[in-house]
J.: 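What follows is a single structure, and I will ask about it in a moment.
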Amino acid sequence: MKDCLFCKIIAGEIPSAKVYEDENVYAFRDINPMAPTHVLVVPKTHVASLADIGGVSDTVLAACLRACGAIAEQEGLKGGFRVASNCGPDACQSVQHLHFHVLGGKKLTEVMG
Ligand code: AMP
Ligand code: ZN
């Protein structure tokens, strides 16, 4: 999608530190990491958020979650990890292309909200 930051990253128009890629998913390091490992997992097809996934195939959605697990293993997050997807203004979503944060590499805080 034109003017979407993550679509531009997927297209290689904006540089990123790639961590994982398959036919449905692209994953790269967050530019402002909140943990030693902080990776963003995004579907290659544009969709704004989890509130808009009606037209997205189960294959693509499953690929996103499988990628989160694969990345956790690849990054050696043996102690555990957190997956989060901010959806809409109350959750402070800042990029309007569905993404899953994969966080780990330290003891994360219990505060989720
Ligand atoms: P959210 O606030 O949940 O929408 O998450 C958007 C995330 O994208 C934030 O954690 C930002 O640090 C991250 N971000 C913004 N621009 C870039 C970029 N060019 N490369 C990597 N991560 C980015
Ligand atoms: Zn997009």
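One-based numbering, in listed order, for ligands and for the atoms of each. Nothing fancy with the numbering, it's 1 onward along the sequence.
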J.: What N/O/S atom of His97 gets nearest to the Zn ion (ligand 2)?
T.: ND1
J.: Which heavy atom of the protein is the closest neighbour of atom 2 (O) of ligand 1, given with residue, atom name and distance?
T.: Ser94 OG, 2.8 Å
J.: Is it the case that the ring center of His97 lies less than 6.0 angstrom away from the ring center of His99?
T.: no
J.: Of all the heavy atoms in Gln96, does at least one lie under 4.0 Å from an atom in ligand 1?
T.: no
J.: Report, in ascending order of atom number, the atoms of ligand 1 lying under 4.0 Å from any heavy atom of Phe6.
T.: 8 (O)
J.: Between Asp30 and ligand 1, does any nitrogen or oxygen pair lie at a separation below 3.5 Å?
T.: yes
J.: For ligand 1, which atoms sit closer than 4.0 Å to a heavy atom of Gln93?
T.: 4 (O)
J.: For atom 16 (N) of ligand 1, what's the nearest protein heavy-atom neighbour? Residue, atom name and distance, please.
T.: Leu5 CD2, 3.4 Å
J.: Is there at least one pair of N or O atoms, one from Ile31 and one from ligand 1, spaced under 3.5 Å apart?
T.: yes
J.: Does His101 have a non-hydrogen atom less than 4.0 Å from ligand 1?
T.: yes
J.: Using a 4.0 Å cutoff against the non-hydrogen atoms of Asn86, which atoms of ligand 1 qualify?
T.: 1 (P), 3 (O)
J.: If you compare all heavy atoms of Arg82 against all heavy atoms of Thr109, which two are closest, and at what distance to 0.1 Å?
T.: NH2-O, 2.8 Å
J.: In a check of side chain to side chain contact (heavy atoms under 4.5 Å, CB included) between Phe100 and each of Asn86, Leu65, Val25, Leu40, which one passes?
T.: Leu65
J.: Looking at His46, pick out the N, O or S atom nearest to the Zn ion (ligand 2) and give its name.
T.: ND1
J.: Quick check: do Ser49 and Gln93 have side-chain heavy atoms less than 4.5 Å from each other?
T.: yes
J.: Please identify which atoms of ligand 1 are closer than 4.0 Å to at least one heavy atom of Cys92.
T.: 2 (O)
J.: Report yes if some N/O of Ile14 lies less than 3.5 Å from some N/O of ligand 1; otherwise report no.
T.: no
J.: Which ligand 1 atoms does Asn32 reach within 4.0 Å, using its non-hydrogen atoms?
T.: 12 (O)
J.: With respect to Leu98, which candidate in Val41, Val56, Val47, Thr45 satisfies the side chain to side chain contact (heavy atoms under 4.5 Å, CB included) definition?
T.: Val47
J.: When you compare ligand 1 with His99, is there at least one nitrogen or oxygen pair between them that comes in under 3.5 angstrom?
T.: yes
J.: Under 4.0 Å between a Lys/Arg side-chain N and an Asp/Glu carboxylate O for Lys44 and Glu21?
T.: yes
J.: I need the contact type for Arg29 against ligand 1. Using non-hydrogen atoms and a strict under-4.0 Å cut-off, is it side chain, backbone, both or neither?
T.: backbone
J.: Below a 4.0 angstrom heavy-atom separation, can you tell me which part of Phe100, side chain or backbone, both or neither, approaches ligand 1?
T.: neither
